[in-house]
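Step one of this worksheet: look at the structure below.
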Protein chains: 2
Amino acid sequence: MPAGLDSRTGLPVVAMVGGGQLARMTHQAAIALGQSLRVLAASPDESAGLVTADVLLGDHRDLADLHRLAAGATVVTFDHEHVPTEHLHALEAAGHRVAPGPDALVHAQDKLVLRRALQEAEEPQPAWAQVDSAADVERFGAVNGWPLVLKTPRGGYDGKGVFVVHDAGEAAALLDAHGTLLAEARVDMVRELSAQVARSPFGQVAVWPVVQTVQRDGVCAEVLAPAPDLPEALATAAQELAVRIADRLGVVGMLAVELFQTADGVLVNELAMRPHNSGHWTIEGARTSQFEQHLRAVLDYPLGSTAMTAPVAVMANVLGGAAAAPDWAGPPLDERVHHLMAHWPDVKLHWYGKGQRPGRKLGHVTALGNDLDEVRARATAAARYLADGVVDPAFAFGDEEH
Amino acid sequence: MPAGLDSRTGLPVVAMVGGGQLARMTHQAAIALGQSLRVLAASPDESAGLVTADVLLGDHRDLADLHRLAAGATVVTFDHEHVPTEHLHALEAAGHRVAPGPDALVHAQDKLVLRRALQEAEEPQPAWAQVDSAADVERFGAVNGWPLVLKTPRGGYDGKGVFVVHDAGEAAALLDAHGTLLAEARVDMVRELSAQVARSPFGQVAVWPVVQTVQRDGVCAEVLAPAPDLPEALATAAQELAVRIADRLGVVGMLAVELFQTADGVLVNELAMRPHNSGHWTIEGARTSQFEQHLRAVLDYPLGSTAMTAPVAVMANVLGGAAAAPDWAGPPLDERVHHLMAHWPDVKLHWYGKGQRPGRKLGHVTALGNDLDEVRARATAAARYLADGVVDPAFAFGDEEH
């Protein structure tokens, strides 16, 4: 048996750092390919830890734990971007394959590194500057206007680490708390888009249709695939931009390029080099899901077809809402799942098995169809019912309720 | 937390007896529903044991092992029909839910019990008799003609336990070896069909389109969905037959009714009360797969939409062939998977992770599309390449090979 293949099956072992829902859904894809995802989880109750056979408990910041994870695996990949770059270099130095590699991944870890790289590549992005002092921010604001946006270069996600500031005083407090920041001009945007591409070490790329992401409070709430009314030329330009970035940065695996659509075109917001919330719709909505494609890409398998399976797919996140609050007195989760299935027999549920807390991403639903408004109404009503126990009047429960 | 729900997730725990590929694919469906399938496997290397978090090693004929499996589970169900009926009654007596229950399941376990039940229900089936002696067989042959078919009432599958006999002497030898047998008249059939239905304890039923199953050497090789050129009236009659049987027998979960299509209509061959090879196409080809539907049904969740996702779906089994033989010198499995993906980027692979042996069901592939001939050629060529390493000339490998 060649190194890195499972002696029981003759097939590869992909090891994923992180035990969240992305690892959970990647395991589902791995099962079809004859594999079993190996997962480094922080606790056995993590989303992927509950459903995978090959779980190591450990810390993604601990090099010894990472070495345990990599031992005997074909390739190491990620469910999040929080592994220290030097650890990834150490894994590579020890002969392990890491995908994406640390020199690519850093662009998804550090927003300042990304901004510099995009500037060098002359790719479209918001006006930006590294700021170390209130005076730096003052200068940036004088040129680009107020309010402006300050971001922590590392560690932010789902709106965390992003601050809209109105004057140098606010900026000074943030600099005191966080150190060096990234300043960005506020973008007058039409909406947010995401362009997803997979790239293999061989250099093969596969792109899905560009989607619209609908954010609420800085968190993805819905994804509309394909992005409605997006001019074909702009869709193609966004896809080409994503492919250029994947190639230039040497990405291996999935890349999501989060974009601001403006009156003039698109600007790059940030990158994720892993399966991404904006691609969950691909499980049912595309011939090859982002999870299967990520496995194929990091293993240097040929990539799968990205054709859509229906004209329209809408994914709606279930964020912990009223029903996740400690004082919730409505139907418990299992009962809400019953109602969901009774009322939306063609909405597909993905529940992550995590503890319910307000604001937490607990699951998602996907609906497919021909008419965007109808599909979107169905998906969002189903998600809202799961999250809040609130029934959209358009889908009022009737006598057929069980 | 109500009894039978997982305290970590607030959702049910389905326990499945058997760790084969049906359990493996049911686990994939369970993950989406927020669950983790609990599996009773005979060895840790079984197909489902490789990928599930909650595996008990044990023997499905051992009541103590079955009690361990059932403890704390919401419901016990099956990946095969080999659990002794008295053990299932014992589980029920101890307060466990078993789905399908023993009084239903026995019709999938014992072909004589099934024949009697169908006769009582006046459902169409081949001429049959219980035979205990060569004289019984002689009498049956005199009325129904030779050759005739003898079957062991229990334990047969994939063509095992089925014998075509030409005279009373052959019959006598089989009766000596096996005891009481089922005699059936040979059916002058057009082809074999399968009608699948799911039924919940509440009594809700859901049916998929009737499919054609193509057998080779008594083993399912291909499934064509929907069955091509099946008159609508006959398709509806087959679906109604399946629903009647599910209701009459009190089936809970998936029921596959294997049918012979004759010049006059359909005759019932046998039943399976679990996900079935004839329904693997539903993973990609229907809005709700048989595996998700089985979970929904045994949990008394409302059932999902069975609408097809494409006009045509073809599933082709990968049976251990030349490439599974000990002297195989061609590309190993992982390399064949590479080639498969390169040449059929829209064929979906399901590999079961089992040891490769000639004749064994190792995996399957599914193709979707609009034109039966094209879809079928694609699926069967891909399956044949995996099994035998033989490239169909219509899909000759070219320069793009990687």
Side-chain angles (χ1 to χ4, degrees), chain A residues 2 5-6 8-12 24-25 27-28 30-37 45 49-55 202 204 206 283-284 287-288 292 296 300-305 307 309-310 332-334 337-343 345-346 348-356 363 368 402, chain B residues 1-2 5-6 8-12 24-25 27-28 30-37 45 49-53 55 202 204 206 283-284 287-288 292 296 300-305 307 309-310 332-334 337-343 345-346 348-356 363 368 402:
Chain A
L5 297 185
D6 186 322
R8 300 169 301 178
T9 61
L11 289 172
R24 183 181 174 105
M25 291 185 273
H27 181 54
Q28 283 181 289
I31 291 172
L33 302 184
Q35 305 171 29
S36 185
L37 192 71
D45 285 0
L50 293 171
V51 299
T52 52
D54 192 2
V55 186
F202 184 68
Q204 190 190 4
I283 297 176
E284 291 90 6
R287 204 55 82 202
T288 305
E292 176 181 338
R296 292 166 77 133
D300 210 6
Y301 277 155
L303 303 178
S305 163
T309 61
L333 175 60
D334 185 49
V337 170
H338 267 81
H339 290 313
L340 177 94
M341 290 182 174
H343 286 273
D346 49 5
K348 303 317 291 182
L349 171 65
H350 295 267
W351 193 258
Y352 307 150
K354 302 195 287 193
Q356 296 184 67
L368 304 180
H402 168 47
Chain B
M1 192 64 57
L5 297 183
D6 186 323
R8 300 169 304 178
T9 61
L11 290 171
R24 183 181 174 107
M25 292 185 273
H27 181 54
Q28 282 182 292
I31 292 172
L33 301 184
Q35 306 170 27
S36 184
L37 191 71
D45 285 0
L50 294 170
V51 300
T52 52
V55 186
F202 184 69
Q204 189 189 4
I283 297 175
E284 291 89 5
R287 204 55 83 204
T288 305
E292 176 180 338
R296 290 164 81 133
D300 210 6
Y301 277 156
L303 302 179
S305 163
T309 62
L333 175 60
D334 186 48
V337 171
H338 266 82
H339 291 314
L340 177 95
M341 290 181 173
H343 286 273
D346 47 5
K348 303 316 290 181
L349 171 65
H350 295 266
W351 194 257
Y352 307 150
K354 302 195 286 193
Q356 296 183 66
L368 305 180
H402 167 48

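Note on naming: letters A, B, ... go to the chains in the order of the sequence lines (proteins, then strands), and numbering restarts at 1 for each one. Values reported hereafter were calculated over all heavy atoms of this structure, with side chains retained and with hydrogens, waters and symmetry mates removed.
- A:Ala53 and B:Gly49 make their closest contact through CB-O, 4.3 Å (heavy atoms, listed as atom of the first residue, atom of the second, distance).
- Note on A:Leu50, A:Thr288, A:Leu333, A:Ile283: by heavy-atom pairs under 4.5 Å with chain B, the leading option is A:Leu50.
- Of the atoms belonging to A:Thr52, it is backbone heavy atoms, and not side-chain ones, that fall under 4.5 Å from chain B.
- Expressed to the nearest 0.5 Å, how far OG1 of B:Thr309 lies from CD of A:Glu284 amounts to 11.0 Å.
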Exercise for the section: Go through the steps to decide whether B:Tyr301 and A:Leu340 satisfy the test side-chain contact (heavy atoms from CB on, under 4.5 Å), and finish with yes or no. Expected result: CA-CA 10 Å; B:Tyr301 277 156; A:Leu340 177 94; over 6 Å; no
Practice task
Could you please spell out the steps behind the side-chain contact (heavy atoms from CB on, under 4.5 Å) verdict for A:Met341 and B:Leu33?
Solution key: CA-CA 11 Å; A:Met341 290 182 174; B:Leu33 301 184; 3.7 Å; yes
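- Interatomic distance, A:Ile31 CD1 to B:Arg24 CZ, rounded to the nearest 0.5 Å: 6.5 Å.
- Interface residue A:Asp45: only side-chain heavy atoms are found under 4.5 Å from chain B.
- Of the inter-residue distances, the one linking A:Trp351 atom CH2 with B:Leu11 atom CG reads 7.5 Å to the nearest 0.5 angstrom.
- The closest side-chain heavy-atom distance from B:Pro345 to A:Leu303 is not below 4.5 Å.
- If you take CZ on A:Arg296 and CG on B:Leu349, they are separated by 8.5 Å, rounding to the nearest 0.5 Å.
- Taking chain B as the reference chain and counting heavy-atom pairs below 4.5 Å, the highest number among A:Ala30, A:Ala32, A:Gly304, A:Ser305 is found for A:Ala32.
- The backbone N or O of B:Arg287 lies less than 3.5 Å from a partner atom in the side chain of A:Lys348, making a donor-acceptor pair.
- If you tally non-hydrogen atom pairs under 4.5 Å between each of A:Val51, A:Val55, A:Leu37 and chain B, the highest count goes to A:Val51.
- With 3.5 Å as the limit, one finds no donor-acceptor pair spanning the side chains of B:Thr9 and A:Lys354.
- With a 4.5 angstrom heavy-atom cutoff, A:Leu368 touches chain B only via side-chain atoms.
- Contact of B:Glu292 with chain A is made through the side chain alone, with heavy-atom distances under 4.5 Å.
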